J.: 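Handing you this structure, nothing more for now.
Given the structure is predicted, the values throughout are model-derived calculations rather than measurements. Numbers restart at 1 for each chain; the letters A, B, ... are given by sequence-line order, proteins then strands.
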There are 2 protein chains.
Amino acid sequence: MAASDPGELDFWSFVELANRRLAREYGFRHQLATELLLTLNRASNIVTYDLEASVHRPRGLSWSGFRLLFVTWLAGPLEAKKAAELTGMSRAAVSNLAKTLVSDGLLSREPGSRDGRSVLLSLTDEGHRDMVEVFRVHNEREDEWAGVLSPEEQRILIMLLDKLVTNRDQFDVRGRN
Amino acid sequence: MAASDPGELDFWSFVELANRRLAREYGFRHQLATELLLTLNRASNIVTYDLEASVHRPRGLSWSGFRLLFVTWLAGPLEAKKAAELTGMSRAAVSNLAKTLVSDGLLSREPGSRDGRSVLLSLTDEGHRDMVEVFRVHNEREDEWAGVLSPEEQRILIMLLDKLVTNRDQFDVRGRN
DNA sequence: TCACATTAGTTAACAGATGTACTAGTTTCA
DNA sequence: TGAAACTAGTACATCTGTTAACTAATGTGA
């Protein structure tokens with residue numbers, strides 16, 4: 001049975017259809033896992049896209065640019081390596097991004113004193129002013145999103161998401177670099 | 001107080017540090033929202049990266065390529081527009097991606113009969129064989145990830161993620177195109 | 001019915017991320 | 001101490017995705 005009647009196929013009716021076909025026609029067994037990961041992926045993309053489009057792009061920042069400035073703001077000065085870990089980017093991405101942020105005058109890059117190979121990232125005064133200002137808008141927007149859930153629900157969600165990714169040493173996970 | 005002692009700054013100690021500084025030094029109020037969205041973003045990225053790197057790249061598929069083939073497999077034949085909605089990509093991305101998947105022989109593209117502007121996407125036989133094979137591995141991997149949580153926890157997580165993004169008509173969200 | 005607005009898809013220019021290969025500084029240990 | 005192994009960061013080529021502009025088909029309403 002092919003998917004006729006695409007009349008009103010939204011995300012959830014697609015998930016339902018997919019579950020049914022994967023189980024009945026192909027005998028796959030882990031529908032709940034598929035559903036969970038589809039939902040996770042989708043939620044993250046929707047929220048991220050909205051924050052980027054409504055808060056950051058209009059102010060000339062990319063999502064990654066914001067994330068790098070954010071960790072540098074609060075945890076800096078810090079080595080590029082550490083910034084890559086905290087943001088989840090590759091070291092190459094941090095390097096590329098830092099280059100443009102430095103030329104925008106938001107980020108400052110100086111050789112590490114302790115380790116001659118490393119580079120210490122920190123915000124310039126302008127970068128600092130920008131972050132305080134941008135984060136004000138960002139944080140309000142975050143609260144609009146999160147506000148759909150009660151604080152208890154938010155805490156449970158955080159806990160479950162954390163559990164999902166921290167118990168992953170049980171199997172061999174592919175991480176960046 | 002700057003972040004001295006970067007000795008062991010992992011994700012969670014960063015979140016803790018960020019919360020503290022955002023509240024005490026800058027007076028921002030929505031720490032729980034920030035924590036939720038950071039965690040959501042991170043979880044999605046970690047899982048997605050692992051699936052892409054361990055399952056799809058080795059078989060010559062990008063993550064987006066897999067997603068497009070996946071919805072086409074289970075809901076196809078379907079219009080490019082609908083595929084964009086279901087995968088969360090832009091229409092331009094679907095168009096570009098379809099071009100390469102067609103030339104790889106996995107996807108077939110024919111003019112829609114009902115609407116002369118539209119294009120119907122469906123899998124070729126080869127594409128279908130590939131998907132059944134790839135999804136076998138993908139689904140096992142998904143189950144390894146999800147298996148960290150109990151079925152109840154998985155259901156709660158799905159419910160909360162869904163609630164997070166479906167009640168969003170309460171405010172004005174920026175979506176793709 | 002015919003002009004106007006809308007919509008589907010494609011294209012082009014561009015921004016950003018990836019992996020690989022490279023340079024240079026640091027650690028290790030024989 | 002000195003050679004080999006390792007690590008931090010960068011450069012480069014490539015690939016993907018984004019927006020904006022465009023073409024072509026469809027809908028709409030005086």
J.: Does OP1 or OP2 of C/dT11 have a side-chain N or O of B/K99 closer than 4.0 Å?
T.: yes
J.: For A/L61 and C/dG16, give me the distance from atom CG to atom P, rounded to whole Å.
T.: 10 Å
J.: Looking only at side-chain N and O atoms, does A/S118 come under 4.0 Å of OP1 or OP2 in D/dA8?
T.: no
J.: When the distance from CG of A/L97 to P of D/dG9 is rounded to whole Å, what number comes out?
T.: 14 Å
J.: From CH2 of B/W63 over to P of D/dG17, roughly how many Å is that when rounded to an integer?
T.: 12 Å
J.: For the residue pair A/T39 and B/D162, confirm or rule out a side-chain donor-acceptor distance under 3.5 Å.
T.: no
J.: For A/V119 and A/R57, find the nucleotide of DNA chain D closest to each by heavy atoms; which residue's nucleotide sits nearer the 5' end?
T.: A/V119
J.: Would you check if B/H138 and B/F70 make a side-chain contact, meaning some heavy-atom pair closer than 4.5 Å?
T.: no
J.: Let me know the distance between CG of B/L120 and P of C/dA8, rounded to the nearest Å.
T.: 13 Å
J.: Got A/W63 and A/Y49 here, is their nearest side-chain heavy-atom distance under 4.5 Å?
T.: no
J.: So which one's nearest nucleotide on DNA chain C is more toward 5', A/R114 or A/S62?
T.: A/S62
J.: Could you see if B/I46 belongs to whatever hydrophobic cluster contains A/L160? Use Ile, Leu, Val, Met, Phe, Trp, Tyr and a side-chain cutoff under 4.5 Å.
T.: yes
J.: Is any side-chain N or O of A/S90 closer than 4.0 Å to OP1 or OP2 of C/dT18?
T.: yes
J.: Using OP1 and OP2 only, check whether a side-chain N or O of B/Y49 sits under 4.0 Å from C/dG19.
T.: yes
J.: Under 4.0 Å from OP1 or OP2 of D/dT10: is there any side-chain N or O of A/R109 that close?
T.: yes
J.: Out of C/dA8, D/dT18, D/dT10, which has the shortest distance to the side chain of B/K81?
T.: C/dA8
J.: Please report, rounded to the nearest Å, how far the P atom of C/dT26 is from the CD atom of A/E79.
T.: 12 Å
J.: Return yes if the base of C/dT7 and the side-chain atoms of B/R117 contain a donor-acceptor N/O pair under 3.5 Å, otherwise no.
T.: yes
J.: Over how many whole Å does the gap from A/M89 atom CE to D/dG9 atom P extend?
T.: 14 Å
J.: Can you check the A/D115 CG to C/dT27 C1' distance for me, whole Å?
T.: 10 Å
J.: I want to check something: taking the side chain as every heavy atom from C-beta on, are B/S122 and B/E110 in contact at a cut-off of under 4.5 Å?
T.: yes
J.: In whole Å, what is the span from the NE2 atom of B/H56 to the C1' atom of C/dT18?
T.: 17 Å
